[in-house]
Amino acid sequence: MVGRFFKEFSLFSAVLILIILAGIFATLYIYASDSIHQFGWHFLTTDVWEVGEDDEGGVFGGLIPIVGTLLTTLIAMVIAVPIAMGIAVFLTEVAHPMLIKPVSIAIELLAAIPSIIYGMWGLFYFAPIIQHLFGGSGVGLLTAGIVLAIMIVPFMSAITKDAMNVVPGVLKESAYAMGATKFEVIKDVVMPYSKTAIIGSVILALGRALGETMAVAFLIGSIMKFPKHLTDPTTSIPVLLANNFSEAQDLELSSMFYLSLVLFGVSFIIISIAKFYFLGRKR
Amino acid sequence: MLKKIVSSVAVLSLASTVVNADVITGRGASFPAPVYKAWTSAYNKATGVQVDYTPTGSGDGIKSIEKRIVDFAGSDKPLKPKTLAKHKLYMFPAVVGSIVLAYNIDGVKDGELKLSREAIAAIFDGKATNWDDAVIAKDNKDLKLPHAPITVAVRADKSGTTFNFTYFLNKIDSSFKVSKKPNWAAPKVVAGKSNSGVTANIKQIKNSIGYIEYSYKLKENLPAAQVQNKAGKFVKATVPAFQDAAKYAKWSKDSDFYAVIGDPDGETSYPIVAATFILLPAEKADMNKNVTKFFDWAFKNGDKAAADLGYVPLPASTKDEIRKYWEEKGIK
């Protein structure tokens with residue numbers, strides 16, 4: 001009796017997730033259908049977001065927020081990947097045992113900070129520094145990208161560190177016995193052994209960076225313009241949605257659902273790829 | 001047992017409907033939210049009637065009242081009589097607020113910067129890109145304005161504040177579009193969500209200027225410019241100057257008080273003022289009476305609270321006109 005109940009309950013839980021996923025997709029699609037019907041694929045290549053007279057109709061295109069999302073994520077990844085790898089290698093291969101624990105805890109703490117706090121910290125402390133160093137207005141692509149990088153580093157380094165920790169000691173010892181230097185061991189033994197986990201962590205972090213809303217909303221400047229310089233303000237998909245959702249109606253609202261459908265699609269594809277790599281490692 | 005449960009449920013639901021009758025719900029404009037909050041809590045203390053107002057934005061307020069999911073809505077943008085008739089709504093103004101041009105320039109203190117109408121237009125459409133541009137400098141000979149690019153701080157979300165500010169810009173130069181979220185032509189623009197987002201941006205970004213509601217300037221102690229009014233005089237952003245401006249508002253019950261009051265006449269008027277409005281569903285006479293009772297109370301007892309928060313209470317003549325409007329519509 002209990003066994004049967006348990007089996008059915010677990011089946012129900014699993015199916016529920018699928019239903020929710022399908023439900024979200026269906027809802028996004030239904031609400032977006034007006035906009036999809038109106039703009040079609042041109043939505044993805046139009047760089048205007050303008051409501052018509054008296055809040056009726058208008059022209060909406062997702063190109064600027066899509067480009068903004070991709071650029072901030074790119075900047076964040078370019079900065080975060082080397083740093084995260086550095087941290088992971090340091091903690092597993094280089095650091096004195098006394099140091100490992102405090103550094104690991106510090107990294108985990110970074111991961112636990114809510115994103116709005118990163119946003120506020122970025123705006124009040126980081127933006128003036130960026131303005132001083134690079135010019136511009138302080139808020140913009142670069143600031144958002146750097147703070148985003150700080151947010152995803154702990155995530156990536158934690159997964160990578162765990163993967164590097166399970167590299168068998170025998171492998172490393174035999175490499176050292178062959179006369180390999182520490183750098184060669186890391187490059188030729190540790191890295192290849194934990195390759196799939198590293199790629200998986202990068203892709204998961206990418207997914208997080210793409211969808212980050214609060215911190216980026218504080219820092220990106222939220223302007224519907226293509227950035228000409230690294231320090232220029234622009235906007236991203238989640239930021240545009242968060243800023244305008246409460247006031248939008250009719251076609252604009254529908255276009256926002258279209259935009260979220262685009263983000264949903266991109267994130268879904270990325271997570272699927274990550275999953276593929278993780279499963280690949282287990283096999 | 002079952003009977004007991006049913007009866008207790010019945011009693012409970014009865015009790016909750018009784019409680020609900022004493023709750024009036026409203027949502028919409030965030031611009032007047034501080035003063036509504038002060039009024040509702042004082043009204044609750046005085047009468048026991050609870051009024052819940054959620055500041056979600058003017059657009060949301062209009063949507064909510066069109067769908068009849070609230071008892072009243074707040075909007076900074078007045079609806080035209082035609083639109084009101086289409087959605088069967090009543091409208092009247094509640095309070096007047098003002099928008100200031102706050103800036104962050106090293107060495108320039110509150111009220112020192114003088115902005116002519118020409119200069120304001122030039123800053124917001126990108127004709128003047130540096131602080132020492134001739135159009136700004138000619139009225140500020142005693143100030144040392146830096147040769148630095150101007151960053152313009154605007155709203156990222158659609159906003160009644162923006163609507164009222166662009167209305168003023170449009171009065172200066174008709175090439176500005178009156179809109180809740182226009183595309184700004186200035187080269188360096190940074191947008192923030194809500195008044196607090198814009199305020200934070202002005203505080204953080206050197207050589208920036210932006211438009212915010214007066215109470216945010218007070219709260220954050222930001223310097224604000226003297227603005228040249230229709231009569232050509234430079235006027236500091238102060239409550240008496242807002243009051244002088246409010247006197248010139250031309251409201252009439254016959255047009256559901258439809259009027260944008262920005263850029264009024266008068267030598268001492270501060271030009272960027274805005275009224276905020278209340279929308280009521282025409283068919284709900286009983287509930288409307290509860291709502292108008294609240295605003296009638298606020299008109300009688302809420303002036304001081306409004307002034308303390310940096311808002312301008314409506315002139316007495318306007319209040320009387322609103323009461324007549326209520327009587328005419330049978331909702332007083």
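Order of the sequence lines fixes the chain letters, A, B, ..., with proteins taken first and strands second; residue numbering starts at 1 for each chain.
Only the backbone of B/Thr56 comes within less than 4.5 Å of a heavy atom in chain A; its side chain stays farther off. With a threshold of 4.5 angstrom between heavy atoms, A/Ala242 approaches chain B through N, CA, C or O but not through any side-chain atom. Looking at B/Lys203, there are no atoms closer than 4.5 Å to chain A (heavy atoms on both sides), in backbone or side chain. For a residue to count as touching a neighbouring chain, one of its non-hydrogen atoms must lie under 4.5 Å from one of that chain's; by this rule B/Asp60 touches chain A with backbone and side chain alike.
No side-chain N or O of A/Tyr31 forms a donor-acceptor pair with one of A/Ser260 less than 3.5 Å apart. In this structure, a donor-acceptor pair under 3.5 Å is present between the side chains of A/Ser35 and A/Ser255.
Per-residue heavy-atom pair counts under 4.5 Å with chain A were compared for B/Ile205, B/Asn183, B/Thr83, B/Val154, and the maximum is reached by B/Ile205. Each of B/Asn207, B/Asp157, B/Asn201 has some count of heavy-atom pairs under 4.5 Å with chain A, and the biggest count is that of B/Asp157. Here A/Gln131 is the residue among A/Met224, A/Met120, A/Gln131, A/Glu50 with the most heavy-atom pairs under 4.5 Å with chain B. By number of non-hydrogen pairs under 4.5 angstrom with chain B, the leading residue of A/Ser137, A/Ala217, A/Gly138 is A/Ser137. Per-residue counts of heavy-atom pairs under 4.5 Å with chain B were compared for A/Ile220, A/Ile223, A/Asp232; the largest is that of A/Ile223.
Under a 3.5 Å cut-off, the side chain of B/Asp132 and the backbone N or O of B/Leu145 do not form any donor-acceptor pair.
Taken from CZ in B/Arg68 to CD in B/Glu66, the straight-line distance is 8.5 Å, to the nearest 0.5 Å. The CG atom of A/Leu206 sits 9.0 Å away from atom CG of A/Leu70, with the distance rounded to the nearest 0.5 Å.
When ring centroids are compared, B/Tyr258 and B/Phe92 stay outside the 6.0 Å threshold. Less than 6.0 angstrom separates the ring centroid of B/Phe124 from the ring centroid of B/Phe165.
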